[in-house]
There are 2 protein chains.
Amino acid sequence: MESASVVRALGALAQEHRLAAFRLLVQAGPDGLAAGTLAEALDIAPSSLSFHIAQLANAGLVSQRRAGRSILYAADYDAMADLMGFLTENCCGGMPCAPAQCKPAKPSEKDVA
Amino acid sequence: MESASVVRALGALAQEHRLAAFRLLVQAGPDGLAAGTLAEALDIAPSSLSFHIAQLANAGLVSQRRAGRSILYAADYDAMADLMGFLTENCCGGMPCAPAQCKPAKPSEKDVA
DNA sequence: TTGATATTTCAATAATAGTTGAAATATCCT
DNA sequence: AGGATATTTCAACTATTATTGAAATATCAA
């Protein structure tokens with residue numbers, strides 16, 4: 001991941017409404033949420049939501065697809081993981097770093113195998 | 001960690017020079033680097049570095065201390081870990097998330113036990 | 001104290017970001 | 001086709017961000 005894309009991704013998340021939107025999408029799962037739903041949840045004008053979600057999309061943090069007259073946005077978990085990877089990769093460069101740095105929701109048995 | 005501080009931290013990192021400065025400090029370790037050293041490494045004016053590093057400090061991502069006529073800045077590893085924690089905590093909310101999401105310098109056997 | 005070094009503060013300017021409402025585009029339903 | 005719904009695009013405006021150079025502050029060394 002290039003530094004420029006990291007800056008874009010961080011910039012996309014560094015705004016109240018966009019961070020909130022992204023969290024809603026992360027929690028919503030792969031099906032995502034409609035633009036209108038997000039605008040309503042965030043209590044901002046549709047054009048404003050469109051402006052913000054476009055930046056998340058441009059940063060590659062969310063994907064979009066049409067479903068009827070709605071456009072559904074969904075979090076891109078791979079991009080999220082890449083961003084985390086970049087930051088953590090450059091963290092702890094030999095230094096003693098906080099061990100609880102990563103907090104997956106569930107450690108899950110399948111990964112231990 | 002509050003959403004507002006996360007936005008501030010992300011915003012602090014979402015800029016070419018600041019991201020570069022932070023990475024240099026992360027790699028430099030606890031001793032940190034002098035403001036002048038950073039300005040030179042990033043090839044920007046001292047006043048510009050001062051402007052940027054102040055934002056990283058304001059976001060709590062770096063600490064500062066005087067050493068002679070120099071002011072040394074150092075990465076705050078705890079703040080970094082907190083930021084990671086906030087983001088990963090809200091990632092994978094029950095969803096199947098990329099397992100390679102976290103990349104500590106060393107996976108280390110002690111965690112497998 | 002004087003002069004040199006290291007950094008910050010300030011003011012001015014240029015560029016970017018965010019909001020709003022109106023108009024344009026796409027889809028659905030009858 | 002015609003009307004309603006969902007979203008985006010556009011233009012105008014305000015606010016914030018980044019850069020520069022000059023002046024101010026703090027430290028050191030003679």
Side-chain angles (χ1 to χ4, degrees), chain A residues 3-25 28 31-76, chain B residues 3-25 28 31-76:
Chain A
S3 175
S5 358
V6 173
V7 167
R8 218 176 321 127
L10 289 169
L13 292 172
Q15 206 276 343
E16 180 191 355
H17 298 324
R18 291 195 295 266
L19 181 60
F22 187 71
R23 291 184 72 179
L24 284 175
L25 293 179
D31 289 350
L33 297 171
T37 306
L38 284 170
E40 195 176 0
L42 299 178
D43 192 31
I44 59 177
S47 63
S48 193
L49 183 278
S50 191
F51 171 80
H52 288 303
I53 202 80
Q55 284 180 68
L56 287 171
N58 180 49
L61 290 167
V62 306
S63 61
Q64 93 195 94
R65 70 182 199 281
R66 180 174 281 275
R69 3 189 173 182
S70 293
I71 294 187
L72 299 180
Y73 288 90
D76 185 320
Chain B
S3 175
S5 358
V6 173
V7 168
R8 219 176 322 127
L10 289 169
L13 292 172
Q15 207 275 344
E16 180 191 356
H17 297 324
R18 291 195 295 265
L19 182 59
F22 187 70
R23 292 183 71 181
L24 284 176
L25 292 179
D31 287 349
L33 296 172
T37 306
L38 285 170
E40 194 177 2
L42 300 178
D43 194 29
I44 60 179
S47 62
S48 193
L49 183 278
S50 190
F51 171 80
H52 288 303
I53 202 81
Q55 284 180 69
L56 287 171
N58 181 48
L61 290 168
V62 305
S63 60
Q64 90 194 97
R65 70 179 198 284
R66 179 174 281 275
R69 0 187 175 185
S70 293
I71 294 188
L72 298 180
Y73 289 90
D76 185 319

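Chain letters run A, B, ... following the sequence lines, proteins first, then strands; residues in each count from 1. Reckoned from all heavy atoms, side chains included, excluding hydrogens, waters and symmetry mates.
Atom NE2 of residue His17(A) and atom CG of residue Asp43(A) lie 8.5 Å apart, to the nearest 0.5 angstrom. Here the CD-CD distance, from Gln15(B) to Gln55(B), works out to 8.0 Å after rounding to the nearest 0.5 Å. Rounding to the nearest 0.5 Å gives a distance of 9.0 Å between CD of Glu16(B) and NE2 of His52(B).
Counting non-hydrogen atoms under 4.0 angstrom, Ala34(A) reaches the backbone sugars and phosphates but no base. Counting any heavy atom pair closer than 4.0 Å across all strands shown, Ala39(A) reaches no nucleic acid atom. Backbone-only contact: Ser70(A) has heavy atoms under 4.0 Å from sugar-phosphate atoms and none from a base.
Rounded to an integer number of Å, the gap from CZ of Arg65(A) to P of dA6(D) is 17 Å. One can place CD1 of Ile71(A) at 10 Å from C1' of dT25(C), the figure rounded to the nearest angstrom. Separating the OH atom of Tyr73(B) from the C1' atom of dA6(C) is a distance of 11 Å, rounded to the nearest angstrom. Between the CG atom of Leu56(B) and the P atom of dT8(C) there is a distance of 12 Å, given to the nearest Å. Atom CD in Glu40(B) sits about 14 Å away from atom P in dT5(C), given to the nearest Å. Whole-Å rounding puts the Gln64(B) CD to dA6(C) P distance at 17 Å. Remark: C1' of dA18(D) and CG of Leu49(B) are 13 Å apart, rounded to the nearest angstrom.
Applying the side chain to side chain contact (heavy atoms under 4.5 Å, CB included) test to Ala54(B) and every residue at least two apart in sequence or in another chain returns nothing. For Ala41(A), the side chain to side chain contact (heavy atoms under 4.5 Å, CB included) test picks out Leu24(A), with sequence neighbours left out.
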Please list, for nucleotides 27-30 of chain C, all pairs of protein and nucleotide N/O atoms separated by less than 3.5 Å.
unit_1  : atom_1 : unit_2   : atom_2 : d
dT27(C) : O3'    : Gly68(A) : O      : 3.4

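Closest heavy-atom contact between Ala9(A) and Leu61(A): O-CD1, 3.7 Å.
Taking a pair as Watson-Crick or G-U wobble with both distances under 3.5 Å, the runs of three or more consecutive pairs in DNA chain C are C:1-30 with D:1-30.
Each of Leu56(A), Ile53(A), Leu42(A) was scored for a side-chain contact (heavy atoms from CB on, under 4.5 Å) with Arg18(A), with one residue passing: Leu56(A). None of Asp76(A), Leu72(A), Leu25(A) except one satisfies the side-chain contact (heavy atoms from CB on, under 4.5 Å) rule with Val62(A); the exception is Leu25(A).
No side-chain heavy atom of Leu13(B) sits less than 4.5 Å from a side-chain heavy atom of Val7(A).
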Sequence neighbours left out, cut at 3.5 Å: what donor-acceptor pairs do the side chains of residues 44-51 of chain A make with other protein atoms?
none

- Query: What is the per-nucleotide protein-contact pattern of nucleotides 15-24 of chain C, from the 5' end, where B denotes a base atom under 4.0 Å from a protein heavy atom, S denotes such proximity for sugar-phosphate atoms only, and - denotes neither?
  - Reply: ---BBBB---
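The list of side chain to side chain donor-acceptor pair (under 3.5 Å) pairs with a residue in residues 63-73 of chain B, not counting sequence neighbours, reads Gln64(B)-Tyr73(B).
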